[in-house]
Amino acid sequence: MAVSDAIHTPQLDENIDWPTHGHYEYAHLYNSRKEITTFDNIASIRASYDYIVIGAGPIGAALAYRLALNEPQSSILIIEKNWNEPDRIVGELMQPAGCQAMSALGLGMAFSGIDAVPVHGYYIAYKGKHMHVPYINKPDGGDRFRGVSFHHGRLVMNIRAACKAQANITCLEASVTALDAAGFGSGGEITGVRGVRIGPARDSGDSGDEKGAAVAARLTMVCDGITSQFRRVLNPEPVTLISHFCGFVLEHEPIASAEFFTGAAGATTHFAQPHSPAANPLPMPHNGHVLLDGIGPVLLYQMSERETRVLADIPGGALPSEASGQLRSVLRDSLSRAAPAALYPGLHRLLMDTLEQAKRIRCIGSKFIPATANRVDGAVWVGDALNVRHPLTGGGMTIGLWDVVLLTDLLRNSPKGPATLRRIKAQWYWQRRPRALVVNTLSVALHALFAAETKELGLLREACFLYLSWGSHYTMHPSGFLSGLMPSPILLVFHFFSVAIVAVWLRVSGASSAYAGGNLLFRVYSALCTLYVASGVILPFMWKEMQP
């Protein structure tokens with residue numbers, strides 16, 4: 001039975017035209033497996049395809065679907081280890097620019113029937129103060145842009161259903177054991193790919209395993225996500241963990257009326273403080289929540305009308321032990337500080353009760369991996385297989401889906417010779433860069449500020465909160481960066497250093513509560529140090545993103 005048949009909770013958002021209310025034409029294929037070929041039937045797989053897509057997550061499945069629409073005469077093989085519904089704790093909130101990309105790919109209705117929740121912007125709380133940062137207005141002056149939050153696996157299954165419906169897509173449940181190399185450089189690195197080698201489906205693979213059936217393609221597309229086993233072919237650099245997100249789910253009643261939410265405009269002044277943990281406990285339902293007073297930032301967003309995801313950040317590469325109880329102790333402390341009972345009575349109680357009763361706390365490492373120019377003939381890396389940012393800003397699917405939009409547009413009606421493909425990949429790499437640079441740099445820069453491990457970073461965090469509260473472009477331009485709707489690196493630098501100047505003013509004037517004390521000379525000196533720290537927060541990451 002499709003999830004759209006199993007979920008009966010009505011969508012209670014105020015706009016009945018939101019796509020989650022519509023019918024999804026591929027809903028009947030949600031759980032269908034008759035369109036999937038398994039490794040046991042590998043003999044039915046062709047020896048060669050026009051395109052091979054490795055990975056049927058949101059990016060790989062969207063890529064295969066769009067290729068099938070753009071080039072109905074082409075043949076596409078999409079390979080996934082497990083075609084059952086995935087269960088992940090990230091990739092559950094899509095920014096407005098990601099929704100734009102979904103519409104451009106012909107998948108705008110994929111949010112239908114999965115109990116997805118519209119998202120209007122951000123609720124940000126810091127030191128007892130709060131603000132609402134709405135998404136920017138549409139260019140026509142009408143309603144604001146919107147994002148959407150959902151169960152990750154349900155959206156993936158809807159996109160996969162669209163792939164199953166295309167006659168020129170072959171869906172294969174198997175493992176890619178290796179890229180089939182067509183050439184090697186002087187250092188032994190792969191310089192060309194002619195296709196893949198396929199083995200039985202399993203939870204993990206060994207990219208060095210040369211056994212299995214070989215399938216060729218004109219272009220192999222690596223979309224196997226953040227844990228890509230083939231990324232090192234393109235980018236052998238080691239990856240450092242920035243922090244860990246630890247997550248669990250709150251269960252509550254849906255919003256029965258506009259009691260806690262009165263629309264994107266009204267939310268700027270409305271602040272709900274439900275005392276009952278049974279009610280929707282969020283201060284501003286239908287918004288992403290960022291609480292800044294914990295050990296690291298705490299994120300909350302609805303996955304459905306009845307479920308809210310909690311993601312608590314623990315900075316640094318080391319994760320406290322779950323077996324010893326240390327992890328829950330750290331989380332209890334962080335959540336209590338981020339959502340104190342005096343300010344959020346219902347939310348605080350529900351957080352503590354759920355944390356106590358949760359059988360398992362799910363954790364995922366947060367990384368930053370800049371994109372690498374593709375010099376491997378016959379292959380292209382797309383989405384998180386190419387480029388990873390901190391999940392704080394929820395920009396991963398936005399970047400990956402725009403990768404798909406730009407790449408499929410360039411491939412459409414183009415000759416598929418090696419020279420043309422090299423030109424297309426180079427052109428695509430430069431086209432994707434502005435949006436990727438803004439979203440990726442902002443994610444790690446904001447995490448550095450929000451985790452605030454030094455007085456200088458704490459001062460910058462205080463300045464950032466003050467800056468956002470000023471309204472006008474001080475609020476809306478940062479909102480445009482976060483949502484992926486304003487891919488302007490120059491404008492990002494301008495606003496970031498404007499925040500740094502505000503931090504200098506707070507420190508020199510003695511108005512800062514995050515970095516207080518000292519005579520005027522010391523305050524001037526420490527303010528200049530803060531400016532230096534601000535440069536170190538953003539410029540190195542921008543430089544890495546700008547490398548050819």
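In this chain, residues are counted from 1 in sequence order. Values below: every heavy atom of this structure, side chains too, minus hydrogens, waters and symmetry copies.
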Checking Arg154 against Asp115 for the side chain to side chain contact (heavy atoms under 4.5 Å, CB included) test, could you report, in this order, the C-alpha distance in whole Å, the side-chain angles of both residues, the deciding distance, and whether it holds?
CA-CA 9 Å; Arg154 294 177 186 173; Asp115 206 15; 4.0 Å; yes

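- Partners of Ser479 by side chain to side chain donor-acceptor pair (under 3.5 Å), not counting sequence neighbours: none found.
- Ring geometry for Tyr474 against Trp470 counts as perpendicular: the plane angle is over 60°, on a 0 to 90° scale with 30° as the lower cut.
- Listed by chain and residue number, Arg33 satisfy the side chain to side chain donor-acceptor pair (under 3.5 Å) test with Glu173 (two or more places apart in sequence, or in another chain).
- In this structure, the side chains of Val176 and Val222 stay at 4.5 Å or more apart for every pair of heavy atoms.
- In this structure, Ser149 OG and Leu155 CG are separated by 11.5 Å, a value rounded to the nearest 0.5 Å.
- Between Glu356 and Arg332 there is a salt bridge, since at least one side-chain N of the basic residue sits less than 4.0 Å from a carboxylate O of the acidic one.
- Take Leu539 and apply the side chain to side chain contact (heavy atoms under 4.5 Å, CB included) test, not counting sequence neighbours, and it matches Phe497, Ser535.
- In this structure, OG in Ser443 is found 10.0 Å from CG in Leu482, a value given to the nearest 0.5 Å.
- For the atom pair Tyr515 OH and Thr454 OG1, the distance stands at 9.0 Å (nearest 0.5 Å).
- Inter-residue side-chain proximity for Ile114 and Met157 is flagged as unmet; no heavy-atom pair is nearer than 4.5 Å.
- Counting non-hydrogen atoms of other residues, nucleotides and ligands closer than 6.0 Å to NZ of Lys455 gives a total of 12 or fewer.
- A search for side chain to side chain contact (heavy atoms under 4.5 Å, CB included) contacts involving Ala445 returns Phe496, Val537, not counting sequence neighbours.
- The CG atom of Leu335 lies 4.5 Å from the CE atom of Met352; values are rounded to the nearest 0.5 Å.
- Across all non-hydrogen atoms, the minimal contact from Ala339 to Leu291 is CB-CD1, 4.1 Å.
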Run Leu485 and Gln100 through side chain to side chain contact (heavy atoms under 4.5 Å, CB included) and show every step you take.
CA-CA 9 Å; Leu485 294 167; Gln100 280 187 328; 3.5 Å; yes

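- You'll find the side chain of Asp384 stays beyond 4.5 Å of the side chain of Ser228, heavy atoms only.
- The shortest heavy-atom contact between Gly121 and Asn287 is N-OD1, 3.0 Å.
- The main-chain N or O of Met546 is found under 3.5 Å from a side-chain atom of Arg433 such that the two form a donor-acceptor pair.
- A perpendicular orientation is assigned to the rings of His495 and Phe481, their planes being inclined by more than 60° (bins at 30° and 60°).
- Remark: the Tyr135 side chain and the Gln95 side chain contain an N/O donor-acceptor pair separated by less than 3.5 Å.
- In this structure, CD1 in Ile89 is found 9.0 Å from CZ in Phe245, a value given to the nearest 0.5 Å.
- Residues satisfying the ring-ring contact (aromatic ring centres under 6.0 Å, His included) test with Phe248, not counting sequence neighbours, are none.
- Proximity of Ile159 to Val156: side-chain heavy atoms (C-beta onward) are nowhere separated by under 4.5 Å.
- The shortest distance between side-chain heavy atoms of His477 and Phe494 does not fall below 4.5 Å.
- Using the six-membered ring where Trp is involved, Phe465 and Tyr126 have ring planes that are tilted, between 30° and 60° apart.
- Shown here are the side chain to side chain donor-acceptor pair (under 3.5 Å) partners of Arg349, two or more places apart in sequence or in another chain: there are none.
- For residues 308-326, the salt bridge (Lys or Arg N to Asp or Glu O under 4.0 Å) pairs, not counting sequence neighbours, are Glu92-Arg309, Glu322-Arg328.
- For the pair Phe522/Arg507, a side-chain contact is recorded, criterion being any heavy-atom separation below 4.5 Å from C-beta on.
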Chi angles and distances behind the side chain to side chain donor-acceptor pair (under 3.5 Å) call for Glu305, His286
CA-CA 9 Å; Glu305 291 289 357; His286 294 184; 3.3 Å; yes

Does the side chain to side chain contact (heavy atoms under 4.5 Å, CB included) test come out yes or no for Glu462 and Leu459, once each step is laid out?
CA-CA 5 Å; Glu462 183 181 28; Leu459 176 60; 3.9 Å; yes

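- With rounding to the nearest 0.5 Å, the separation of SG in Cys363 from CG in Leu331 is 7.0 Å.
- Annotation for Lys129: atom NZ does not count as buried by contact number, only 12 or fewer foreign heavy atoms lying within 6.0 Å.
- With sequence neighbours excluded, the residues forming a side chain to side chain donor-acceptor pair (under 3.5 Å) with Thr308 are His252, listed by chain and number.
- Of all the heavy atoms in Leu460 and Ala500, the pair that sits closest is CD2-CA, 3.9 Å.
- Qualifying salt bridge (charged side-chain N to carboxylate O under 4.0 Å, His left out) partners for Arg461, counting only residues two or more places apart in sequence or in other chains: none.
- With sequence neighbours excluded, no residue satisfies salt bridge (charged side-chain N to carboxylate O under 4.0 Å, His left out) with Glu453.
- Taking all atoms of both residues into account, the shortest heavy-atom contact from Pro96 to Gly147 is CG-N, 3.8 Å.
- For the pair Arg231 and Trp381, the cation-pi criterion (under 6.0 Å, within 45° of the ring axis) is not fulfilled.
- Between the side chain of Asn280 and the backbone N or O of Arg306 there is no donor-acceptor pair closer than 3.5 Å.
- Checked against ring-ring contact (aromatic ring centres under 6.0 Å, His included), Phe145 has no partners two or more places apart in sequence or in another chain.
- Among residues at least two apart or in separate chains, there is no salt bridge (Lys or Arg N to Asp or Glu O under 4.0 Å) pair with a member in residues 276-285.
- Here the closest non-hydrogen pair linking Trp505 and Leu466 is CZ3-CD2, 4.2 Å.
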Walk me through it: do His447 and Ser366 pass the test side chain to side chain contact (heavy atoms under 4.5 Å, CB included)?
CA-CA 10 Å; His447 179 264; Ser366 304; over 6 Å; no

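- Residues Asn440 and Phe368 meet the side-chain proximity criterion, which asks for heavy atoms closer than 4.5 Å.
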Worked verdict on Glu545 versus Thr441 for side chain to side chain donor-acceptor pair (under 3.5 Å):
CA-CA 8 Å; Glu545 285 286 334; Thr441 302; 5.6 Å; no

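- In this structure, Cys246 and Leu319 approach most closely via the heavy-atom pair SG-CD1, 3.9 Å.
- The ring-ring contact (aromatic ring centres under 6.0 Å, His included) test with His289 is passed by exactly one of Tyr122, Tyr123, Tyr344, Tyr301: Tyr123.
- Annotation: side chain of Pro134 is not in contact with side chain of His120 (no heavy-atom distance under 4.5 Å).
- For the residue pair His151/Glu307, the side-chain donor-acceptor check at 3.5 Å is satisfied.
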